[in-house]
Amino acid sequence: MANRSVHYEAAFENYLRALALPYVPVDEAKKATFGKILLKSFDFVVYSGRGANLLVDVKGRKFPDSVAGKRKSTRAWENWVTREDIESLKKWEEVFGGGFRAILVFAYWLQGPASRSPFEEVHFFKEKQYAFAAIGLDDYIALARPRSRKWQTLDAPTTEFSRAVKDIGYFL
């Protein structure tokens with residue numbers, strides 16, 4: 001069962017249900033062991049009618065309101081992940097094999113009206129507005145740079161990331 005106490009993941013699951021897409025939520029409370037390797041869980045297996053089935057890791061972030069004339073927030077397109085997220089998701093992709101593709105879904109909780117956001121599709125869930133931007137794991141890895149050595153995090157430069165990321169519908 002997915003951790004529905006995390007509103008970003010609950011919103012994404014609600015989105016999948018609204019589209020009537022087949023999916024399996026992954027139990028995040030446990031780490032899987034393959035040989036002697038512990039793997040961090042991802043969030044959903046989504047069965048796509050278009051192509052590869054998806055191994056989805058949802059990353060919840062706030063997306064600032066873009067009011068004209070105000071200085072742009074540095075939090076727009078925030079996309080950091082941990083090194084463990086990347087390494088585990090890559091390994092999961094190998095374990096599942098052909099026909100499965102790992103993606104990162106950035107569930108952005110919009111802090112302003114949807115009309116001022118750069119997203120075409122907005123999903124409403126429990127009185128909040130979300131946009132789901134996705135990127136293939138390999139594409140993210142190609143862009144990612146170290147963010148914090150201490151916290152073992154990576155992120156992609158904002159401009160490049162905003163050009164590379166796609167609406168989740170592209171993958172479904």
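Since we're looking at a predicted model, the values are computed, not measured.
- A side-chain donor from one of Arg17 and Tyr23 sits under 3.5 Å from a side-chain acceptor of the other.
- Summarising the geometry, atom CZ belonging to Phe161 is positioned 8.5 Å from atom CG belonging to Leu143; distances are rounded to the nearest 0.5 Å.
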Between Val45 and Phe100, is a side-chain contact (heavy atoms from CB on, under 4.5 Å) present by the stated rule, with each step listed? CA-CA 9 Å; Val45 176; Phe100 287 86; 4.0 Å; yes

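- Of all heavy-atom pairs spanning Tyr108 and Ala133, the tightest one is CE1-CB, 4.0 Å.
- Within the 3.5 Å criterion, the main-chain N or O of Thr153 finds no donor-acceptor partner in the side chain of Ser148.
- A distance of 8.5 Å separates CG in Leu104 from CD1 in Ile141, rounded to the nearest 0.5 Å.
- Listed for the Arg75 side chain is no donor-acceptor partner under 3.5 Å among the backbone atoms of Arg61.
- For the pair Ala52 and Ser48, the tightest heavy-atom approach, listed with the atom from each and the gap, is O-CB, 3.3 Å.
- With values rounded to the nearest 0.5 angstrom, Ile103 atom CD1 is found 9.0 Å from Leu89 atom CG.
- The only member of Asp139, Asp57, Asp138 that meets salt bridge (Lys or Arg N to Asp or Glu O under 4.0 Å) when paired with Arg101 is Asp139.
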Output, in order, the C-alpha distance, side-chain angles, deciding distance and verdict of side-chain contact (heavy atoms from CB on, under 4.5 Å) for Arg83 and Leu154. CA-CA 7 Å; Arg83 207 170 280 287; Leu154 308 165; 3.4 Å; yes

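- The ring pair (Phe, Tyr, Trp, His ring centres under 6.0 Å) test with Phe119 is passed by exactly one of Trp109, Phe132, Phe106, Trp77: Trp77.
- Checking side-chain atoms of Asp155 against main-chain N and O of Arg147 turns up no donor-acceptor pair under 3.5 Å.
- Screening Gln152, Lys90, Lys40 for a side-chain hydrogen bond (donor to acceptor under 3.5 Å, both in side chains) involving Asp85 leaves a single residue, Lys40.
- Summarising the geometry of Tyr8 relative to Ala107, their closest heavy-atom pair is CD2-O, 3.2 Å, with the distance given to 0.1 Å.
- No donor-acceptor distance shorter than 3.5 angstrom exists from the side chain of Gln129 to the backbone of Leu110, with no hydrogens or angles considered.
- With values rounded to the nearest 0.5 angstrom, Tyr15 atom OH is found 8.5 Å from His123 atom NE2.
- There is a path of hydrophobic side-chain contacts, each under 4.5 Å, that joins Phe96 to Val24.
- Hydrophobic clustering, with ILVMFWY side chains joined whenever heavy atoms are under 4.5 angstrom apart, groups Leu39 together with Val81.
- Minimum heavy-atom separation, Val122 to Ser117: CG2-OG, 4.4 Å.
- In terms of modelled atom types and a separation under 3.5 Å, the side chain of Asn14 and the main chain of Phe125 share no donor-acceptor contact.
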Evaluation steps, side-chain contact (heavy atoms from CB on, under 4.5 Å), between Val105 and Phe171: CA-CA 10 Å; Val105 171; Phe171 293 95; over 6 Å; no

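- The NZ atom of Lys128 lies 4.5 Å from the NE2 atom of His7; values are rounded to the nearest 0.5 Å.
- Nearest heavy-atom pair, Tyr47 versus Leu21, reported as atom, atom and distance to 0.1 Å: O-CD2, 4.5 Å.
- The nearest pair of heavy atoms linking Glu160 to Pro157 is OE1-CB, 2.9 Å.
- Within a 6.0 Å radius of CD in Glu120, no more than 12 heavy atoms belonging to other residues, nucleotides or ligands are found.
- With rounding to the nearest 0.5 Å, the separation of NZ in Lys91 from CD1 in Ile86 is 15.5 Å.
- Between Tyr140 and Asn79 there is a side-chain heavy-atom pair separated by less than 4.5 Å.
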